[in-house]
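Remember, predicted model here, so these are calculated numbers, not experimental data. Throughout, residue positions are numbered sequentially from 1 according to the sequence presented.
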Amino acid sequence: RAALTLGLLGALTAVELHSTHPLIQLALFRNSRFTAASAAIMMLFFALTGVTFLLTQIYQLVLGYSTLGAGLRALPSALALAAASPLGTRIARRAGTRLTVAGGLALTTAGLGYFATATAASGYPHYLIATMAMSAGIGLAMAPATTSIISALPGPMIGAGSATSNATRNLGSVLGVAVVGSIASSAYTSGILRSHQLSGITAHIAARNLTSAITLARQLRGPSGRILAHTADQAFIHGTDLGALTAALVTAAAAAAALRYLPRPARPDPAGNPDTSRRRPPPAA
C-alpha cells in the first residue's frame, strides 16, 4: 500500500508539473517561507489528529469512560487550543512569526513527549497535562504560520496558496491517523503475540484489537481475564507511546525547519526607521 501510495503521488506530481492548468500549484513550494509554514501546519495537524485518534480509545477502552465522559474530558485541551490561538497572534507581533511558530511547535513536541511516557497505570491527569501542552502549542503556532503563508505570496497567488495550504492541512490529518494509528496498532499486536502470559488461542483473538481483548477478558473472568486485560492495556499503551513519540519527532523537525526558513522580525534602526536591509536596491538609472 505504501508503494502504491508513493507511486500515485509521483504520478500526480508529474501530471501537475506538465499541466497548463494545474490543480495544485507546485511552483509555490519553491518559496522556502511558504513551504516551511505549510509544513508546520501540516505537522501540527499530523500530531493533533493522530494523538486524538489514540486518545479517544485510551479514554474509553483503557480508562473505562463512557463516550460522553471521554468527550467531556477532552474539552480542556480544546479550550487550551482556542485560548492560545489569539495569544499566538499577539506574541507574533512582538517576537515575530519565526520564534512564535517554532516555540509553538516546541511546546507541542514537549506535550507529545510527556504523552509518550505513559504506562498502563497512568490516569487521566497524565493525559490532561500532555494534551493541554500539546494543544496550547498548536494554538500558538497555527495563526502565525497561516499568516506567514499568505504574506509570502504575491497578490495573484494568494488564492492558490490558500487552497494549497488547506490541501496540506488535510493531508497532515490523514497521515496522522494513518501513520500514528498504524504504529500503535502494530506495536499492540506485537506485544500481545510476544506475551508469555497468554495461550495461543487467547493471544490470537486478543491481537485483533483492544476491543476484542476486552470482550474476551470479560468472558473469561477470574485470574485469566484479569491477566488478559492487564496485558492488553500494557500492549496498547506501549503502542500509543510509540505513536506519540513518532509525532513528537515530526513536530520537532518542523520546529527546526521553522527556525531555519521562516523570516526574522524586521528591526528598526536607532533613529526609529524601519529595517531596510531586506529591501531590494532601486534599479540603476
Would Ser212 and Asn209 count as having a side-chain donor-acceptor pair, cut-off 3.5 Å? yes
> Do Gln234 and His230 have side-chain N/O donor and acceptor atoms under 3.5 Å apart?
Replying inline: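 Yes - a donor-acceptor pair under 3.5 Å links their side chains.
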### Message
Count I, L, V, M, F, W, Y as connected when their side-chain heavy atoms are under 4.5 Å apart, and connections chain through other members. Are Val180 and Met134 then in the same cluster?
### Response
no
Determine whether Phe45 and Val177 fall in the same hydrophobic cluster, where Ile, Leu, Val, Met, Phe, Trp and Tyr are linked whenever their side-chain heavy atoms lie under 4.5 Å apart. no
Does [X] reach the main-chain N or O of [Y] with its side chain, forming a donor-acceptor pair under 3.5 Å?
X: Ser173; Y: Arg169; answer: yes
X: Thr189; Y: Ser186; answer: no
X: Ser195; Y: Ile192; answer: no
X: Thr108; Y: Ile138; answer: yes

- Message: Between Phe236 and Ile58, is there a side-chain heavy-atom distance shorter than 4.5 Å?
- Response: yes
- Is there side-chain contact between His126 and Tyr114, with at least one heavy-atom pair below 4.5 Å?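 Touching, per the 4.5 Å side-chain cut-off.
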Next on the checklist: The criterion is side chain to side chain contact (heavy atoms under 4.5 Å, CB included); which residues satisfy it with Arg73, sequence neighbours excluded?
Outcome noted: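 Partners of Arg73 by the side chain to side chain contact (heavy atoms under 4.5 Å, CB included) criterion, ordered by chain and then number, come out as Tyr59, Tyr65, Tyr124.
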Contacts satisfying side-chain hydrogen bond (donor to acceptor under 3.5 Å, both in side chains) that involve residues 82-93 (not counting sequence neighbours) are none
